[in-house]
Student: 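Below is one structure. I have some questions about it.
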Amino acid sequence: MNRYSVLLVDDEEFVFQVMMKKLNWEEMGFSIDGYARNGVEALEKADELQPDVVMTDIKMPYMDGLTLCRKLKELNPNIKVIIFSGFDDFEFAKEAIKLEAEEYILKPIDSEELRSVFERIKVTLDKELDEKRNIDTLQEYYLKSLPLLQENFYISLLEGKMSQETISKYISDYQIDFQSPYYVTVDLKISYSSKNGEEMEIAPFLLSVSVEKLVQEQLQGKWEHKLISYMGDILVIVRLNQESDIHILTDTFDTICKMAKRICKATVTAGIGYICDDLGTLQQSYKGAKNALSYRVFYGNMRAINIAEIETHSMPYGENWEDGAIASIIRNLKLENKERVQTSVEEFCALLEESRLGVQNYQIIIMKLLIEIFNFASSYQIDLSKILEGNSDIFSLVVQAESTEELRELFLTLCNKLSDMLETKRSESGRSFVTKAEEYVKENYADKNITVDSVCNFLNVSTAYFSTMFKKATGKTFINYLTDYRMEQAIKLLETTDEKTYSIADKIGYADPNYFSYVFKKQFGISPSKYRGNSN
């Protein structure tokens, strides 16, 4: 049985005791987890306990039940509120309905009526909980969707639409186990045209299925692979243990192409792309495979064409490889991950060295990276001229580097110091944020209308962000911090002045002197007047 928590609110403690005895709460699926003596205290406890149901009297000091209901609904629209009252007033009942209270019960409360109310509420809570917890159904749906999700994942890789962080996330979410030292993409093109305009013996769709079955049979147990139907072609992502395996794989697909003609009556050509060592660069392998197929006009159909064998002069990472490498460096700078920054800089320099570019293109790519780093630094108002020992001409330093090793060291130094400055700037910004809030309290604690919203409006931030950051920095909620500060000021006034309690309450932001006395006693275990008497 699901168990739900209840918070009782009444300024008379005997009511709490009566409520406890009226029903067998545990048997009904409820537990009374808290009791509050007024609306203000109830609101604080509700934030702490997160009860499922709040049962409150309508007439209480400091905050009445209707106001409490409204504020509870603002905090949690799903909370169930029961209002009980000794006033048979239609206006009260109408307002309770307007505030979406579950019930409006008149005192004295009848046990059976109360049981009936909680039975109805439990049915509602059970239904809501079942909807939230319907994990089995969701899990079943998820598992059924996995094959399609996995295929879409591989297609996105081939299209180059995923960042490294996204790849890692989806590998985990989609339960993908496809790690390997090397990968290569094979694009199988089926020619559907028939000779002399004759009709094909088999429909194109069935022909493709037949070829897929043949490929699966020939690769099974020999090559770890993923087979995908995409844009009318059959794509195969193959895992390689070592780069030299590419020659054996090329021969394997050459055989498959010949078998397809004999067994499936299909004209199939295999384009084999560049080898890559990371799923994030699979797009370049796919581009190479498509490019290899374009050489059919010279080498003919029904064979495997390896792009690396016919374009030995080409760059192994495809055109514009630098865009992805530069994006990786900037992305890791934003994430403040120094280890990944170093790895991405080293990969950039290694690719630059392997690209065998002319001097002009070499310098253009270096400048592209440097400009992106400058733009990134500028967005955080960081002066890069202060990073490399006051040398303002960083462009000259980078362009005049005599080796990729020297270039690598320059960029690593630049990025590491930039990361340090960014970390310091963000830390200072966070501390400044909290300091401003603390100063706001010191200057405005006497304002009876000070709230979380007012300080957030002053700081121009959302309440969610403010509450998280403030508690992280101070260890207190803003309301607790404000209360503690007000109590500190109250102590000072009690010890150094002869002012009346109601005057002190007014000076530190409490409109109701009785509530001030209540908070003071709750904080220190003694009333303000007794505290003054003890301190004299």
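Source: prediction; values computed, not measured.
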Student: Looking at Ser180 and Tyr183, would you say the former's side chain and the latter's main chain have a donor-acceptor pair under 3.5 Å?
Tutor: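 Checking the backbone N and O of Tyr183 against the side chain of Ser180, no donor-acceptor pair under 3.5 Å is found.
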Student: Within the distance-only criterion (no hydrogens, no angle test), does the side chain of Ser285 pair as donor or acceptor with the backbone N or O of Tyr274 below 3.5 angstrom?
Tutor: yes
Student: Is a donor on one side and an acceptor on the other found under 3.5 Å between the side chain of Ser419 and the backbone of Cys415?
Tutor: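 Yes; at least one donor-acceptor contact below 3.5 Å.
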Student: Could you tell me whether a side-chain N or O of Asn301 sits under 3.5 Å from a main-chain N or O of Thr269, the two making a donor and an acceptor?
Tutor: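 It does not hold such a pair.
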Student: Side chains of Phe470 and Thr477: does their closest heavy-atom pair fall under 4.5 Å?
Tutor: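 They are not in side-chain contact.
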Student: Can you see whether Asp126 engages Tyr4 through a side-chain donor-acceptor pair at a distance of less than 3.5 angstrom?
Tutor: yes
Student: For Tyr286, does the six-membered ring have the charged nitrogen or CZ of Lys290 within the cation-pi criterion, i.e. under 6.0 angstrom from the centroid and within 45° of the normal?
Tutor: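 Ring-cation test returns yes.
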Student: Okay, side chain of Gln283, backbone of Leu158: is any donor-acceptor separation there less than 3.5 Å?
Tutor: no
Student: Show the numbers, then the answer: is there a salt bridge (charged side-chain N to carboxylate O under 4.0 Å, His left out) between Lys45 and Asp33?
Tutor: CA-CA 10 Å; Lys45 287 201 172 184; Asp33 290 355; over 6 Å; no
Student: Could you tell me whether the side chain of Asn291 and the main chain of Lys287 form a donor-acceptor pair under 3.5 Å?
Tutor: no
Student: Less than 4.5 Å apart, any side-chain heavy atom of Phe478 and any of Thr451?
Tutor: no
Student: Would you please classify the geometry between the Phe458 ring and the Tyr440 ring as parallel, tilted or perpendicular, with 30° and 60° separating the classes?
Tutor: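 The arrangement is tilted - the two ring planes meet at 30° to 60°.
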Student: Donor-acceptor check, side chain of Ser5 to backbone of Asp52, threshold 3.5 angstrom: yes or no?
Tutor: yes
Student: I'd like to check Asp245 versus Val184 (side-chain heavy atoms, cut-off strictly below 4.5 Å). Are they in contact?
Tutor: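 They are not in side-chain contact.
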Student: Counting distance only, does the side-chain N/O of Arg239 pair as donor-acceptor with the main-chain N or O of Gln179 below 3.5 Å?
Tutor: yes
Student: Apply the test salt bridge (charged side-chain N to carboxylate O under 4.0 Å, His left out) to residues Glu217 and Lys213: give CA-CA distance (whole Å), side-chain angles for both, the deciding distance (0.1 Å), then the verdict.
Tutor: CA-CA 6 Å; Glu217 290 173 352; Lys213 185 173 180 295; 2.7 Å; yes
Student: Ignoring hydrogens and angles, tell me if any N or O in the side chain of Asp233 forms a donor-acceptor pair with the backbone of Leu235 under 3.5 Å.
Tutor: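 Pair absent, no side-chain N/O of Asp233 close to backbone of Leu235.
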Student: Quick one: does Leu410's side chain get under 4.5 Å of Thr413's, heavy atoms only?
Tutor: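 With C-beta onward as the side chain, the pair stays apart.
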